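Below is one structure, written out as structure tokens, with a few remarks after it.
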There are 2 protein chains.
Amino acid sequence: MSDPNAVPPVTLNRLSIYLRCLRRLRDQGVRQVSSQQLAHRYRLSAAQIRKDLTQFGEFGIRGVGYEVDQLCDRLASVLGVDHTRSIVVVGMGNLGSALARHVGFNSESFAVVGGFDNDPKKVGSTVGHLAISHISELPTVVRETNAEIGVLTVPAPAAQHNYDALTAAGIKAVLNFAPVRLKLDPRVQTKNVDLSINLEELGFFLGQG
Amino acid sequence: MSDPNAVPPVTLNRLSIYLRCLRRLRDQGVRQVSSQQLAHRYRLSAAQIRKDLTQFGEFGIRGVGYEVDQLCDRLASVLGVDHTRSIVVVGMGNLGSALARHVGFNSESFAVVGGFDNDPKKVGSTVGHLAISHISELPTVVRETNAEIGVLTVPAPAAQHNYDALTAAGIKAVLNFAPVRLKLDPRVQTKNVDLSINLEELGFFLGQG
DNA sequence: CCATGTGAACAAATTCACAGCA
DNA sequence: TGCTGTGAATTTGTTCACATGG
């Protein structure tokens, strides 16, 4: 718990899943849940739920289970989503525009506070309620809004350059959608989401069809 | 190699990365490459590259390395992307429309042959060159086009229903963007891509900022 | 009594180190 | 020589099974 880098990414991934499941239970009015019930309901592993949770504290009551509401709060706190985080989107093409809208609609924990592009034709227009700024405005906007997360949705050849611009502007974490292996800034947490890789993984299982 | 399910997903993920790196090298005119050069160039592990590759055959030449061109072909074949696969997109909202365009533009290995929605206002309109059909047309289109992969970009409450429609229509693999733990059809390979989970994983590292 | 929390057993994945071959 | 391919060693992650305690 003390050193964030000691937590395997796969554990974080599961914590996030647990949080989603627990929120749904809470919305359904469920007050308490055991690891076994949770596992059965959402096809997870009970032992793994307990192991994962105890990395961050003792949240359960022996003989009873977990308080749904309380565990939601604790997990949200662990995942740093107990308050709204500001996001900037760099690259307002199809994907960037769609993600900007999507995040705006689907999350209370994240707010898109800036959209950037280098195309003069796009600068000044809006996507939903978001005004598109020129990429040169990035440092100013990041400073003024305290944006912490950058979503990178530029074409592959522009990815490294814009990644460097994000880190230089003081962004603390990047979600990269460009199909490129970036040279990373060690101070900046970076995750890659890669559509083609996902499709190719599926392709493998389709054989020679 | 014989049983696809014996290959760990993380290995497939890396194979896809190797393929991308090799294609870039090929485009740059590089003819041969050793595992060490590849590792150094793209920040990978040389031993792991070799281990991963040997699961599917002996592609290298001792003392020399790998023929870039030949290895590209072999990997493309392993990943089933040596010919074009047909994709349908279910849920033509922001994300679905953007992905349909994105895949159309960015991949020769995948072609979007159908876009579906249940909103009568969308049916009949087009996204790029793709006509949007009503979801009831799904079985017909899948049959006629031999579509193998379904991209699921509907709102969470509609996800299971539309997943079931995809599998019933004969789709063989699904890429799910809905933030839901689906009840899976064991005959259908399914991968989840989850924007909020990715953001929350990043959130974890931002602490209480 | 019953579900958590946890050490111990097990399984999987990665790295190491070197034999074997072009 | 110098790289691949690979068993063995190590690390990492998961599952088991039970002591602990509300």
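In this text, all values refer to a predicted model and were calculated from it rather than measured experimentally. Order of the sequence lines fixes the chain letters, A, B, ..., with proteins taken first and strands second; residue numbering starts at 1 for each chain.
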Below 4.5 Å, heavy atoms only, C-beta onward: do [X] and [Y] meet side chain to side chain?
X: B:Phe205; Y: A:Asn5; result: yes
X: A:Leu22; Y: A:Leu75; result: yes
X: B:Val174; Y: B:Tyr163; result: yes

Give a yes or no on whether a salt bridge exists between A:Glu67 and A:Arg31, defined as a side-chain N under 4.0 angstrom from a carboxylate O. no
Strictly below 4.0 Å, N to O, side chains only: are B:Arg23 and A:Glu200 in salt-bridge contact? yes
What pairs meet the salt bridge (charged side-chain N to carboxylate O under 4.0 Å, His left out) rule with one or both residues in residues 158-183 of chain A, with sequence neighbours excluded? none
Need to verify one output field. Residue with the more 5' nearest nucleotide on DNA chain D, B:Leu53 or A:Pro8?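 Nearest-nucleotide comparison on DNA chain D picks B:Leu53.
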Would you kindly compare A:Pro9 and B:Ile61 by the position of their nearest DNA chain D nucleotide and give the one closer to the 5′ end? B:Ile61
Once you round it to whole Å, what is the distance between [atom2] of [N] and [atom1] of [X]?
X: B:Arg62; N: D:dT4; atom1: CZ; atom2: C1'; answer: 5 Å
X: A:Glu58; N: D:dT20; atom1: CD; atom2: C1'; answer: 11 Å
X: A:Asn13; N: D:dT14; atom1: CG; atom2: P; answer: 11 Å
X: B:Gln48; N: D:dT6; atom1: CD; atom2: C1'; answer: 15 Å
X: A:Lys51; N: D:dG13; atom1: NZ; atom2: P; answer: 12 Å
X: B:Asp52; N: D:dT6; atom1: CG; atom2: P; answer: 13 Å

Among residues 15-39 of chain A, which contact DNA chain C at a heavy-atom distance under 4.0 Å?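 Of all residues in residues 15-39 of chain A, the ones placing a heavy atom under 4.0 Å from DNA chain C are A:Ser34, A:Ser35.
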Give me the first and last nucleotide of DNA chain C, going 5' to 3', that has any atom under 4.0 Å from a heavy atom of chain B. C:dA13 to C:dA22
Nearest to the side chain of A:Arg50, heavy atoms from C-beta on, is which of D:dA17, D:dT20, D:dT15?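 So the side chain of A:Arg50 is nearest to D:dA17.
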B:Gln48, B:Lys51, B:Arg50, B:His40 screened by side chain to side chain donor-acceptor pair (under 3.5 Å) with B:Ser35, the one that passes: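 For B:Ser35, the side chain to side chain donor-acceptor pair (under 3.5 Å) check succeeds only for B:Arg50.
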If you compare every side-chain N and O of A:Tyr66 against the phosphate oxygens of D:dG22 (OP1, OP2), does one of them come in below 4.0 Å?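 So the side chain of A:Tyr66 is outside the cut-off, no N or O lying under 4.0 Å from OP1 or OP2 of D:dG22.
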Phosphate-side-chain proximity, A:Arg14 and D:dT14, N/O vs OP1/OP2 below 4.0 Å: yes
Looking across every strand, which nucleic acid part, if any, lies under 4.0 Å from A:Ser45 by heavy atom: base, sugar-phosphate, or nothing?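 The residue A:Ser45 makes sugar-phosphate contact but no base contact.
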